Chemist: 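Could you have a look at this structure, given as C-alpha cells, before my questions?
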Amino acid sequence: MAAQNDIEKNYQQAKEIYGELGVDTDLVLEKMNQVSISIPCWQGDDVSGFEGSDELTGGIEVTGNYPGRASTPEQLRKDLGKALSLIPGSHRVNLHAMYSETGSDLVDRNELQPKHFDNWVQWAKEKKLGLDFNPTFFSHPKSDDGFTLSHRDDEIRNFWIEHAKVCRKIGEYMGKELSDTCVTNIWIPDGYKDRPVDRYSPRQRLRKALDEIMSVEIDKDYNRDAVESKLFGIGSESYVVGSHDFYTAYAASRDVLLCMDSGHYHPEEHISDKITAVIDFVGELLLHITRGVRWDSDHVVSLEEETRAILAEIVRNDLLKKVHIGLDFFDATINRVAAWVIGTRNTQKALLEALLEPTDKLKAYEKDGDYTSRLALLEELKTYPLGAVWDYYCLQNNVAVREKWLAEIKKYEKEELLTRK
Ligand code: RNT
Ligand code: ZN
C-alpha cells in the first residue's frame with residue numbers, strides 16, 4: 001500500500017498533468033467537500049424498519065442473508081457511523097418513516113410525530129449530518145392490496161394522505177433542527193399486475209391526494225418535497241399509477257421536486273440524458289442513483305458508465321445546487337456496511353472525475369465543430385490519474401486510502417456484526 005509520501009508525490013504529479021489542461025486540482029478538492037450525498041439508511045437492515053414487520057412489500061425486493069443485519073436503531077446508527085468514517089466529506093442520511101422510534105407506544109403511520117425521530121436528529125447533530133426523509137407506503141396492512149394514495153376506498157386513501165402530511169412536518173422539523181433543508185420524497189407502490197381497464201381514475205385520485213398533501217403549509221427553507229416515478233414493480237408490471245409522465249407533469253406544474261431513480265427506466269433509457277431535459281421545468285431534482293441489473297434490482301452503485309455520465313451532466317451544467325444527489329440500493333448478499341462505503345465512494349469518484357474534466361475546452365471543440373478533438377480528449381481523459389487525486393482526497397479527509405477501508409470493515413464485522421443474532 002502506498003505510503004503517505006507516495007500519495008502526496010503522486011498527487012503533485014497529477015496536479016501538474018491536470019494543470020496542463022487548465023484544471024486546478026486543489027480547487028476541485030475544495031468543491032468535493034461541498035457536495036453531500038444522501039445515503040439510504042435502508043441498506044443497513046434490508047428495508048426492515050423498526051415497526052416489527054417481517055415482510056417487505058410494495059414490489060421491491062431484497063435478496064441475500066449476509067450475517068449482521070442491524071435490527072435496532074442503535075445498531076443501525078452504529079453501522080452508519082462506521083460507514084461514514086470510511087467515506088470522505090460530510091453527508092446526509094436518508095430515513096424512511098418506518099425507522100421511527102415510538103418506544104412502547106404503538107403509533108400508526110398517520111400519527112407519527114417529530115419526537116419519534118428525535119434520536120435520529122440528535123445523532124445527526126452530533127455527527128454533523130443532514131437528514132432526508134420518506135413517508136413509507138409499503139410493508140403495512142393498509143397497503144396490502146397494492147394501492148395507497150390512489151386507493152378507491154376513501155378511508156384507506158385518507159390514511160395515507162394523513163401519513164404523508166405528518167411526514168412533511170417531520171421533514172420540516174429535521175430541517176429546522178439541523179439548519180439544513182430536508183428533502184421528503186414520496187414514492188408509492190400503486191399499480192396493477194395485469195392490464196387495467198381504467199388507467200385514469202387512480203391517477204386522478206393520486207393527483208388530488210398529492211394536492212391535498214402539499215396544501216399543508218411548510219417552511220420551504222426546512223423541507224422540500226419530491227415525487228418519485230417508476231416504470232414497474234413486482235406485482236405492478238402492467239401499470240404504475242405514478243409513472244414518469246405523471247410525476248414529471250406533476251412536479252413541473254407544482255412547486256415540487258422530481259425524483260428520478262436510475263433503476264426505474266427501460267434498460268436502454270438513462271437518467272443522465274433526462275437531467276437537462278426537465279431541470280428548467282421542475283427547478284430542482286432529487287436523484288436516486290442505483291444500479292439496476294436486468295431489472296430494478298438496486299445493486300450497489302458501481303463506478304460505471306451511467307454513474308459517471310450522471311455526475312458529468314450535473315457538473316458540466318453547473319447543477320450541483322439544483323440536483324440533490326441521493327443513493328438507493330439494498331443488497332443483503334454482502335456486508336451491508338461495506339455496501340454503503342462502496343456505493344458512496346463510487347459516486348464520489350464519479351463526481352471527482354467530472355470535476356477534473358476540462359469542460360470549457362471540450363465545449364469549445366464542440367462549438368467549433370471539431371468533434372475529432374472532442375472524442376480524442378474525452379477518451380484520453382479516461383486514463384488520466386484520477387486515482388492519484390482520489391487517494392490524496394481521502395488522505396486529506398483522514399479516511400482510509402484505497403481498499404484499506406476494507407480491513408476496518410472486516411474488523412468491525414468480527415467484533416460487532418458477527419456477534420449479532
Ligand atoms: C422503490 C423506490 C424507492 C425505494 C425506497 C426504499 O422502487 O426506488 O425509492 O427504493 O424508498
Ligand atoms: Zn428510489
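Atoms within each ligand, like the ligands themselves, are counted from 1 in listed order. This structure is a prediction, so every number in the text was calculated from the model and none was measured.
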Chemist: Got a salt bridge between Glu51 and Arg109, using NZ or NE/NH1/NH2 to carboxylate O under 4.0 Å?
Modeler: yes
Chemist: Examine the proximity of ligand 1 to Asp296 and report which part, side chain or backbone, both or neither, has a heavy atom under 4.0 Å away.
Modeler: side chain
Chemist: Is a salt bridge present between Arg308 and Glu304, judged by a nitrogen-to-oxygen distance below 4.0 Å?
Modeler: no
Chemist: Distance from Gln122 atom CD to Lys127 atom NZ, nearest 0.5 Å?
Modeler: 14.0 Å
Chemist: As a test of understanding, state which of Asp245, Asp296, Asp261 forms a salt bridge (charged side-chain N to carboxylate O under 4.0 Å, His left out) with Lys230.
Modeler: Asp296
Chemist: Is any N or O atom of His264, backbone or side chain, closer than 3.5 Å to an N or O atom of ligand 1?
Modeler: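 Yes, His264 has an N/O under 3.5 Å of an N/O on ligand 1.
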Chemist: Do me a favour and list the nearest non-hydrogen protein atom to atom 4 (C) of ligand 1 with residue, atom name and distance?
Modeler: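 For atom 4 (C) of ligand 1, the nearest protein heavy atom is Asp328 OD2, 3.6 Å.
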Chemist: Name of the Asp328 N, O or S atom nearest the Zn ion (ligand 2)?
Modeler: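 So the atom name we want here is OD2.
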Chemist: Relative to the Zn ion (ligand 2), which of the N, O or S atoms in Glu228 is the closest?
Modeler: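 Looking at Glu228, the N, O or S atom with the least distance to the Zn ion (ligand 2) is OE2.
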Chemist: What protein heavy atom sits nearest atom 7 (O) of ligand 1, and how far off is it?
Modeler: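 Answer, as residue, atom name and distance: Lys230 NZ, 2.6 Å.
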Chemist: I'd like to know: is the Zn ion (ligand 2) within the 2.8 Å range of an N/O/S atom from Asp298, strictly under that distance?
Modeler: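 So Asp298 does not bind the Zn ion (ligand 2) by this criterion.
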Chemist: Give the residue, atom name and distance (to 0.1 Å) of the protein heavy atom nearest atom 9 (O) of ligand 1.
Modeler: Glu228 OE1, 2.7 Å
Chemist: Quick check on contacts: which atoms of ligand 1 are under 4.0 angstrom from a heavy atom of Asp261?
Modeler: 8 (O)
Chemist: Please could you name the atoms of ligand 1 that Ile60 approaches to less than 4.0 Å, counting only its heavy atoms?
Modeler: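 With Ile60 as reference, the close atoms of ligand 1 come out as 1 (C), 7 (O).
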Chemist: Identify, by atom number and element, the atoms of ligand 1 in contact range of His288, meaning under 4.0 Å from any of its heavy atoms.
Modeler: 9 (O)
Chemist: Suppose I only count heavy atoms of Phe330 and a 4.0 Å limit; which atoms of ligand 1 are within that range?
Modeler: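 Counting atoms of ligand 1 from 1, those under 4.0 Å from Phe330 are 10 (O).
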Chemist: Hey, are Lys363 and Asp360 close enough for a salt bridge, meaning a charged N less than 4.0 Å from a carboxylate O?
Modeler: no
Chemist: Provide the atom name of the closest N, O or S atom of Asp261 relative to the Zn ion (ligand 2).
Modeler: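 That would be atom OD2.
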Chemist: Answer yes when Asp225 and Arg168 have at least one side-chain N-carboxylate O distance shorter than 4.0 Å, and no when they do not.
Modeler: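 Looking at Asp225 and Arg168, the cut-off is met.
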Chemist: Regarding His288, does it place an N, O or S atom less than 2.8 Å from the Zn ion (ligand 2)?
Modeler: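 For His288, the answer is yes, given that an N, O or S atom comes within less than 2.8 Å of the Zn ion (ligand 2).
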Chemist: Considering only protein heavy atoms, which is closest to atom 11 (O) of ligand 1, and at what distance to one decimal place?
Modeler: His96 NE2, 2.7 Å
Chemist: Answer yes or no: is there a donor N or O on one side and an acceptor on the other, between the side chain of Asp46 and the main chain of Ser48, under 3.5 Å?
Modeler: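 No.
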Chemist: Between Asp255 and Arg224, is there a side-chain N and carboxylate O pair less than 4.0 Å apart?
Modeler: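 Yes.
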Chemist: I'd like to know if Asp211 and Arg254 make a salt bridge, using a cut-off of under 4.0 Å between side-chain N and carboxylate O.
Modeler: yes
